[in-house]
Protein chains: 2
Amino acid sequence: MGRTAGRDPEQTRTALLDAAAQVVRERGVSATLDDVARRAGVSKGGLLYHFASKQELLLALAREWLERFRAAVEAAVDPADTEPGRLMRAYVRVSVHEALDAAATRDALVLVAHLSTVAAVADLARADALRWQADLRADGLPEDVLSLVLAAADGVSAQPVWGMEPEPQELERLRDRLLALTRA
Amino acid sequence: MGRTAGRDPEQTRTALLDAAAQVVRERGVSATLDDVARRAGVSKGGLLYHFASKQELLLALAREWLERFRAAVEAAVDPADTEPGRLMRAYVRVSVHEALDAAATRDALVLVAHLSTVAAVADLARADALRWQADLRADGLPEDVLSLVLAAADGVSAQPVWGMEPEPQELERLRDRLLALTRA
DNA sequence: GTCTATATCGCGATAGAC
DNA sequence: GTCTATCGCGATATAGAC
């Protein structure tokens, strides 16, 4: 395979984004490019080859997580489920699943909250939120069920941001209750 | 009044905290001491007389807002209401009220989210969240109602963090529905 | 494609005048 | 109690070798 000794560019980019996710979660967006680069096993100069500026790095990171969440929800839609609210149910399942998972994904929203500090990222997040609102509205649920269930799902994702971490069992009960509400 | 020409120290402190709240909401915690000072009509040196470091300023700011929210909820408890869930109902009312208010208070949580970027503030917020959990648990609601209503109330407060801003009418309907749930 | 310099700048914090 | 001046650090970003 030619003479490329190290990682290919794709791998490096991914490694940098993963490292950035970790570091930003720990230290916020004031985390240093040097920290990110080192954790990815790359030099600062190397990082700046792949992402021309810090803002570009943070934007790419935000995009990645927003897309990841959307993909997870789309994958969680039950193909056998043809009732109104099928997208909302997938949204609930993913939100609670992520809130449950003690590993990296649980902190997705902590990351987005940190990233939203950056104006350009906040714009991106707002556009994404609008798209969710439109998609969920097209999902066929009555308005008041939609806003209740959506608020609760978002609340579950958001609570860890300010340090509140509900018990797993509690979360599972809440999820089931939310799913039931979409079918009432 | 002696010879003190300008504001008294209390006023200056308050002006600085107000300025800091604005600036941090706009620019995140990477906002500059100089910005904060200028907006309060004080020099950077003046600021640092009142708050020995940037961290102290941010901590004071976080404390102020957490206390303000708690005081608002306590004030919103209906004295005539002696049923279980009276604290939760006040919490819901204040959360939705703040989400409705287009003025400064609406952004309280955006501010806290930004501030939570700072480790010392995150600790403070976590302690506060634990206290809320304890207080609300003592409020007499069934566990599953509590977690549903709390998640929804928190979701309403949190949604603006990532740019989602529901319609006022929608919020009022949601509030009424949440209040009803605590009485079912 | 990645690394090692290095330029440059802006910030937090201090010292001391007023 | 507040201001001015300044120090010193650490950060982003660039230039150019390898």
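A note on names: the letters A, B, ... follow the listed sequences, proteins ahead of strands, and every chain is numbered from 1. It should be emphasised that the depicted structure is a prediction, and the values quoted were computed from it without experimental measurement.
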(message) B/A15: which residues meet the side-chain contact (heavy atoms from CB on, under 4.5 Å) condition with it, sequence neighbours left out?
(response)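 Residues passing side-chain contact (heavy atoms from CB on, under 4.5 Å) with B/A15: B/R7, B/A40.
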
(message) Tell me every residue that passes side-chain contact (heavy atoms from CB on, under 4.5 Å) with A/A60, counting only those two or more places apart in sequence or in another chain.
(response)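 So A/A60 forms a side-chain contact (heavy atoms from CB on, under 4.5 Å) with A/R13, A/L17, A/F51.
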
Residue pairs fulfilling side-chain hydrogen bond (donor to acceptor under 3.5 Å, both in side chains) with at least one residue in [range], sequence neighbours excluded:
{"range": "residues 166-176 of chain A", "answer": "none"}
{"range": "residues 27-41 of chain A", "answer": "A/Q22-A/R39, A/E26-A/R39, A/R27-A/D35, A/D34-A/R38"}
{"range": "residues 40-50 of chain A", "answer": "none"}

(request) Name every residue in residues 26-40 of chain B that has at least one heavy atom under 4.0 Å from any atom of DNA chain D, in order of residue number, or write none if there are no such residues. (result)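 Those residues whose heavy atoms fall under 4.0 Å from DNA chain D, taken from residues 26-40 of chain B, amount to none.
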
(message) At a heavy-atom distance below 4.0 Å, what parts of residues 52-60 of chain A sit against DNA chain D?
(response)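 Only A/S53, A/K54 qualify.
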
(message) To check you understand the geometry: which heavy-atom pair defines the closest contact between B/V156 and B/A99, and what is its length?
(response)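 In terms of heavy atoms, the two residues are closest at CG1-CB, 3.5 Å.
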
(request) With side-chain contact (heavy atoms from CB on, under 4.5 Å) as the test, would you mind laying out the steps for A/L61 and A/L111 before giving the verdict? (result) CA-CA 9 Å; A/L61 189 55; A/L111 180 67; 4.3 Å; yes

(request) Quickly work out the A/E10 CD to C/dG1 C1' distance and round it to whole Å. (result)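 Going from A/E10 (CD) to C/dG1 (C1'), I get 14 Å.
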
(request) Give every residue pair that meets the salt bridge (Lys or Arg N to Asp or Glu O under 4.0 Å) criterion with at least one member in residues 83-97 of chain A, sequence neighbours excluded. (result)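 Residue pairs with at least one partner in residues 83-97 of chain A: A/D81-A/R89.
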
(message) Can you pull out every ring-ring contact (aromatic ring centres under 6.0 Å, His included) where at least one residue sits in residues 143-184 of chain B? Sequence neighbours excluded, please.
(response)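 As it turns out, there is no ring-ring contact (aromatic ring centres under 6.0 Å, His included) pair with a partner in residues 143-184 of chain B once direct neighbours are skipped.
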
(request) With sequence neighbours excluded, tell me which residues meet ring pair (Phe, Tyr, Trp, His ring centres under 6.0 Å) with A/F69. (result)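 Only A/Y91, A/W132 meet the ring pair (Phe, Tyr, Trp, His ring centres under 6.0 Å) criterion with A/F69.
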
(request) Step by step, work out the side-chain contact (heavy atoms from CB on, under 4.5 Å) result for B/V96 and B/L174. (result) CA-CA 9 Å; B/V96 173; B/L174 177 54; 5.8 Å; no

Considering only nitrogen or oxygen atoms on both sides, find all protein atoms under 3.5 Å from nucleotides 2-6 of chain C and state each distance.
| residue | atom | partner | partner atom | Å |
| --- | --- | --- | --- | --- |
| C/dT2 | OP1 | A/T12 | OG1 | 3.2 |
| C/dT2 | OP2 | A/H50 | NE2 | 2.3 |
| C/dC3 | OP2 | A/S43 | N | 2.9 |
| C/dC3 | OP2 | A/S43 | OG | 2.8 |
| C/dC3 | O5' | A/S43 | OG | 3.4 |

(message) Using 0.5 Å steps for rounding, measure from the CD atom of B/E56 to the CZ atom of B/R63.
(response)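 Spacing of CD (B/E56) from CZ (B/R63) equals 8.5 Å.
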
(message) Can you list, in residue-number order, the parts of residues 15-24 of chain A that come under 4.0 Å of DNA chain C, counting heavy atoms only?
(response)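 Of all residues in residues 15-24 of chain A, none places a heavy atom under 4.0 Å from DNA chain C.
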
